[in-house]
Amino acid sequence: MSETKLEAWLDETRTFVPSAAFVAQANADASIYPEAAADPVAWWGRQARERLTWDVVPSQNLEWNSPQATWFADGTLNASVNCVDRHVAGGLGSRVAFHWVGDIDGEAVSITYEDLLARVSRAANALVELGVVAGDRVAIYMPMIPEAVVAMLACARLGAAHSVVFGGFAAEALADRIVDADCHFVITADGGFRRGVATPLKPAVDEALLSCPNVRKVLVVRRTGEKVSWDPQRDVWWHDIVERQSSTHQPESFPAEQVLYVMYTSGTTARPKGILHTTGGYLTQAATTHYYVFDVKPDRDVCWTSADIGWVTGHSYIVYGPLTNGVTQILFEGTPDSGGRDRWWRIIEQYGVTILYTAPTAIRTLMKWGEDIPANFDLSSLRLLGSVGEPINPEAWMWYREHVGGNACPVVDTWWQTETGGIMITPLPGVTATKPGAAMRPFPGISIDVVDGDGISVGNGEGGYLTVTAPWPGMTRGIYGDPERFAETYWTRFPGSYFAGDGAKRDLDGDLWLLGRVDDVMNISGHRLSTTEVEHALVGHPAVAEAAVVGASDETTGQAIVAFVTLKLSHLGDEADQAALVHELRAHVASVISPIARPRQIILTPELPKTRSGKIMRRLLRDVAEQRALGDVTTLTDPTVVAMIDRLMAAHSGDDA
Ligand code: PRX
């Protein structure tokens, strides 16, 4: 949201206070904030001991040697036992862990905690047979099917780190991630379904592995039944090896700081970062935030987090948080319009979903389709709504509240990142008031500040940079294989504090509003992409001499990619050639990175605006892409370049949409 729009909104901000009925049954009450603030480290320590089952209960809480933290370091536990075994042992084996709902209408299966334990045990036994040992990294590249969760938990059970790569990434992006984390094993599927159409995954794995010599075994789930090519030395069908295993597996106990997973995310350079998470602190934050932010009642609630497990939201709020808390969930393979634009509402009605957690992009899409669609369904089971991934505009927030929540559900806008592991800023339902578009307050035990360029806290009514001023249990332990980049990226801008890369504002009541990224990271439909990553893909095309990429605001996707490209002289061609080339370049980016990264618009220009020191002025290009008044152009080598690009942009607006 633009500053002016925000100002206008703040003037007329509505505040929703919790209803008496919600307060009466809420997991948290107002005492939670002062209790946690009195001694945040001890408070997290109590959460860790209360919410998790430890084999050796930790005697320590935090060891802080900035920027390196360890939490509960002398404790030992097994993440998979915390997510599954202990619920079965506690008599909850017949509770449904997942109602899996397929992309294709009518395909569904409900998996109890007892079933899940048997499936995870079999998969763990199979991984042992394939040679996986504690400390290994295993890449998981799968559609949203139960085996994806089973694979993650089986790795965790063995003390092997998983690195889940979103199934929408292309072969090259997959290969980069496999090589960077030095994965020796890959778990995948022949393909998945998307709006009823079989979409292959195995061919991308085959192509990726041409440049991953260290991968020894590939475990393949048969999902679509489409023909795949096969390397008998390397490839193993899931149904051949997993199904014949014993359904019991004796888990080992691992130190709290055992690496649980690596998750790649975009930074400001072309190379994605492998964000490391360990076990004890991460699980503590995932479970605690899930319990309080979603006010979960494990014996009654049906939670639905609509994210893909290939992103951190899926890790923390489909797998580790909810399963640690022993709740029932929906696991949906499809898109909001798989099987019709009413699919989500049908699922909510059929399964009695009580808690829905999704992204503003999805809300805006559903909004575009019209409120008369949800109005046809009984959504009265819903009692809480959550949002994550990008700033939520007040209009979308209000629509969500009115047309999905029937004006009766608290809406929690939750800010966090891959690096933070769990939710950091959020209202607490039943305790905190909510305002449309605001993430409101730091979660108990989390210390946040908004500072100016010199690191000085801003006052109420002012904006600045979002920082975290004290360590927290779910914080990343670093970037895989690159400790210096970790310190440099997050801890040097404001010494002693973690710099998130986001702008934020405190309103006059001191409540927090997120304003989007302040660096070269774009947020497309809640997906993080760096401008340089897309530029890299563009200049990898033989026709491209130079490229500059910016994120421009977009009504549905939050931001959309606009690329400015100069061609090599040998590829200039005529207008028809250029139109074909633009088309080809957009497809090229999609095939190198992912369809998510496909530019909305590509503008071919003979020149890019550069400073005298040769730096491309992206700020000006952003102004052009958003049709704003241009900023200062005096430092440019040739100030007329921007006006020229502006004209080109106007002439081609709408070309590629
Ligand atoms: O810019 C912020 C935005 O998403 C970034 C983190 O992206 P990722 O690591 O992929 O994790 C997404 C899911 C947690 C942040 O730096 N972001 C996330 N949640 C919000 C948000 N921006 C505004 N409001 C939010 N609630």
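None of these values were measured; they are calculated from a predicted model. Sequential numbering from 1 along the given sequence is applied to the chain's residues. Excluded from the calculations below are hydrogen atoms, water molecules and symmetry mates; all remaining heavy atoms, backbone and side chain alike, are included. Whatever order the structure lists them in is the order used to number ligands and atoms, beginning at 1.
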Q: Anything with a heavy atom under 4.0 Å from ligand 1 counts, so go ahead and list those protein residues by chain and number.
A: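 Residues within 4.0 Å of ligand 1: V312, T313, V388, G389, E390, P391, D413, T414, W415, W416, Q417, T418, D502, L514, R517, N523, R528.
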
Original post:
Relative to each other, are the rings of Y317 and F294 parallel, tilted or perpendicular (30° and 60° limits)?
Top reply: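 Perpendicular.
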
*Fit a plane to each ring of Y498 and W472, take the angle between them on a 0 to 90° scale, and name the class: parallel (under 30°), tilted (30 to 60°) or perpendicular (over 60°).*
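Ring orientation, 0 to 90° scale: perpendicular.
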
Item to check | The single option from I32, L428, T414, I425 passing side chain to side chain contact (heavy atoms under 4.5 Å, CB included) against F443 | outcome: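 By the side chain to side chain contact (heavy atoms under 4.5 Å, CB included) criterion, F443 pairs with just one of I32, L428, T414, I425: L428.
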
Practice task
Would you mind telling me which of L201, I178, I187 makes a side chain to side chain contact (heavy atoms under 4.5 Å, CB included) with Y141?
Solution key: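 Only one of L201, I178, I187 forms a side chain to side chain contact (heavy atoms under 4.5 Å, CB included) with Y141, namely L201.
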
- prompt: So, E257 and T278: side-chain donor and acceptor under 3.5 Å apart, yes or no?
  reply: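 On atom types as modelled, these side chains qualify, holding a pair under 3.5 Å.
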
Worksheet entry | Least distance between heavy atoms, V296 atom then R383 atom |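 Taking V296 first and R383 second, the nearest heavy atoms are CA-NH2, 4.2 Å.
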
